[in-house]
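Order of the sequence lines sets the chain letters (A, B, ...), proteins ahead of strands, with each chain counted from 1. Computed from a predicted model, the values in this text were never measured in an experiment. Side chains are part of it too, since the values below use all heavy atoms of this structure and drop only hydrogens, waters and symmetry mates.
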Amino acid sequence: METIARGVNARVRGDRIVEAWFGSHREPFKTPPARQLKGLIERRIESVHRSGKHIVVELGRQDDPRRSAEGGEISAQWIVHLGMTGRLLVTTHDAAAAKHTHARLRLKSGRELRFVDPRRFGRLEFRDLAKGTAFGGPGAEPLTIEGEEFAELFRGRKLAIKAALLNQTLLAGVGNIYADESLFRAGIRPKRRAGKLTRVELERLRRALKEVLEHAIRLGGSSVSDYVDADGMKGFFQLEHNVYQRTGEPCRKCGSDIKKIVIAGRSTHYCARCQH
DNA sequence: CATTTCACCTGGTGGC
DNA sequence: TGCCACCAGGTGAAAT
C-alpha cells in the first residue's frame with residue numbers, strides 16, 4: 001500500500017479531477033457512486049498517502065478553483081481500500097479499460113486514475129470534511145509505534161499472536177504476508193497466545209515487524225515504473241520472503257521444512273525449528 | 001466484551 | 001479439453 005500510494009502520489013499530485021465515472025456494481029461503493037461523483041468533480045488532488053491499508057487521496061476545495069490551484073487546504077478525501085485484488089492505476093484517459101474497472105477519474109493533465117478490482121473486496125469512500133471527520137482508524141501504525149504501547153496492545157489477550165497482528169483495530173496495516181514474515185524474523189510461533197509473550201519477545205516482534213515492512217517498502221519502491229500495478233511486488237515476494245507460501249520448502253536458516261497451518265481462517269506459514 | 005467462523009467475489013492452478 | 005476442488009495480498013457480520 002505504501003509503495004502504491006507513493007507511486008500514485010508522484011503521478012497525480014497537483015492534478016485536477018475533471019470527470020468521474022463509476023461502474024454499476026452494488027459493491028465496492030461505501031459511499032453511493034452518485035455522491036462520490038458529485039464530490040470528486042473539480043477538485044485538486046493535494047496529495048496521496050497511506051493510512052493502515054487504506055490509500056487516502058487528499059482533495060482541495062470545490063468552490064474556489066483559483067485558490068486551490070495553488071494547493072494547501074484539504075476539504076475532502078477519497079479513500080481507497082484495495083481488498084485482495086484491487087489495483088489503482090494511473091493511465092492516459094484513452095487507454096483501454098481493464099476488465100473489472102469500477103471507477104475512472106479523468107484528470108486535467110489527460111491522465112486517468114482507475115480502480116480495478118476483480119473480486120470486489122475493495123472499497124471506495126468519499127468524505128466531505130465540512131460535514132464529517134477525516135479518515136482515521138483506531139489501529140496503531142506499526143512503523144512508528146514504540147515498545148511500551150506495542151506491549152500494551154497484547155496484554156491479557158488469549159488469541160494467537162498471528163490473529164492479533166492481523167487485527168486492524170490493534171495495529172493498522174499488517175496483512176497475512178507481513179504477519180508471517182515478522183513472526184519468523186522474531187523467532188515466535190504464530191499460535192502462541194498474544195498475552196503470554198514476554199516483554200523481550202514482544203520487543204523482538206515489534207522490531208522484526210518494522211524491519212520487514214521497511215525492507216518491503218524499499219524493494220517495492222524501486223520497482224515502480226510508468227504505471228502502478230502489482231508487477232513489482234511479485235519480484236519482492238518471490239525473492240525475499242522466508243516462510244510465506246513456502247510450504248514444504250527448506251527454511252533458509254535451518255533447512256527444515258516450512259509448515260502451513262490455519263489461524264483466524266488465514267493460511268499461516270512458519271518454521272517449527274526456528275520459531276518457539 | 002473477546003474471539004472465531006464464514007460469506008462475500010473472480011480467477012488461476014492442478015488433479016483426474 | 002473439460003470439470004471440479006481448492007486456494008488467494010481482507011474484512012465485517014453473525015455465531016459462540
Exactly one of A:Lys191, A:Lys259, A:Lys162 should register a side-chain hydrogen bond (donor to acceptor under 3.5 Å, both in side chains) with A:Thr268. Which one does?
A:Lys162

Counting side-chain heavy atoms from CB outward, which of [options] is closest to [X]?
| X | options | value |
| --- | --- | --- |
| A:Ser267 | C:dA8, B:dT3, B:dT10 | C:dA8 |
| A:Asn176 | B:dG11, C:dG10, B:dT3 | C:dG10 |
| A:His81 | B:dT3, C:dC7, C:dT11 | C:dT11 |
| A:Met84 | B:dT4, C:dG10, B:dT10 | C:dG10 |

Let me know the distance between [atom1] of [X] and [atom2] of [N], rounded to the nearest Å.
| X | N | atom1 | atom2 | answer |
| --- | --- | --- | --- | --- |
| A:Leu170 | B:dA2 | CG | C1' | 11 Å |
| A:Leu165 | B:dT3 | CG | P | 13 Å |
| A:Asp117 | C:dA8 | CG | C1' | 13 Å |
| A:Arg87 | C:dG10 | CZ | P | 13 Å |
| A:Lys30 | C:dA13 | NZ | C1' | 14 Å |
| A:Lys162 | B:dT4 | NZ | P | 13 Å |
| A:Arg193 | B:dT3 | CZ | C1' | 11 Å |
| A:Ile177 | C:dA8 | CD1 | P | 11 Å |

For [N], take OP1 and OP2 only and decide whether either is under 4.0 Å from a side-chain N or O of [X].
| X | N | answer |
| --- | --- | --- |
| A:Gln245 | C:dA8 | no |
| A:Lys260 | C:dA8 | yes |
| A:Lys53 | C:dT11 | yes |
| A:Lys99 | B:dG11 | yes |
| A:Arg120 | B:dC8 | no |

B:dC8 pyrimidine/purine six-ring stacking with A:Phe121, under 5.5 Å and 30°:
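Stack criterion met.
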
Test your reading of the model: is there a side-chain donor-acceptor pair from A:Thr101 to the backbone of A:Val116, 3.5 Å cut-off?
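Looks like no, no N/O pair under 3.5 Å.
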
Lys/Arg cation over aromatic A:Tyr270: A:Lys260, 6.0 Å, 45° cone
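That pair does not qualify as a cation-pi contact.
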
Could you tell me whether A:Arg192 atom CZ has more than 12 heavy atoms of other residues or ligands within 6.0 Å of it?
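Result for CZ/A:Arg192: enclosed.
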
Parallel, tilted or perpendicular for A:His100 and A:His102, by the 30°/60° rule?
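Taking A:His102 first and then A:His100, their aromatic rings sit tilted (interplane angle of 30° to 60°).
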
Measuring only between side-chain heavy atoms, which start at C-beta, is A:Leu153 closer than 4.5 Å to A:Ile145?
yes

Can you find a donor-acceptor N/O pair under 3.5 angstrom joining the side chain of A:Arg119 to the base of C:dA8?
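Such a pair is found, so the answer is yes.
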
Under 4.0 Å between any heavy atoms, over every strand shown, what does A:Gly265 touch: base, sugar-phosphate, or nothing? Just pick one.
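No contact at all - A:Gly265 keeps every heavy atom at 4.0 Å or more from the nucleic acid.
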
Across the strands shown, which category fits A:Arg266 at heavy-atom distances under 4.0 angstrom: base, sugar-phosphate, nothing?
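Result for A:Arg266 = base.
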
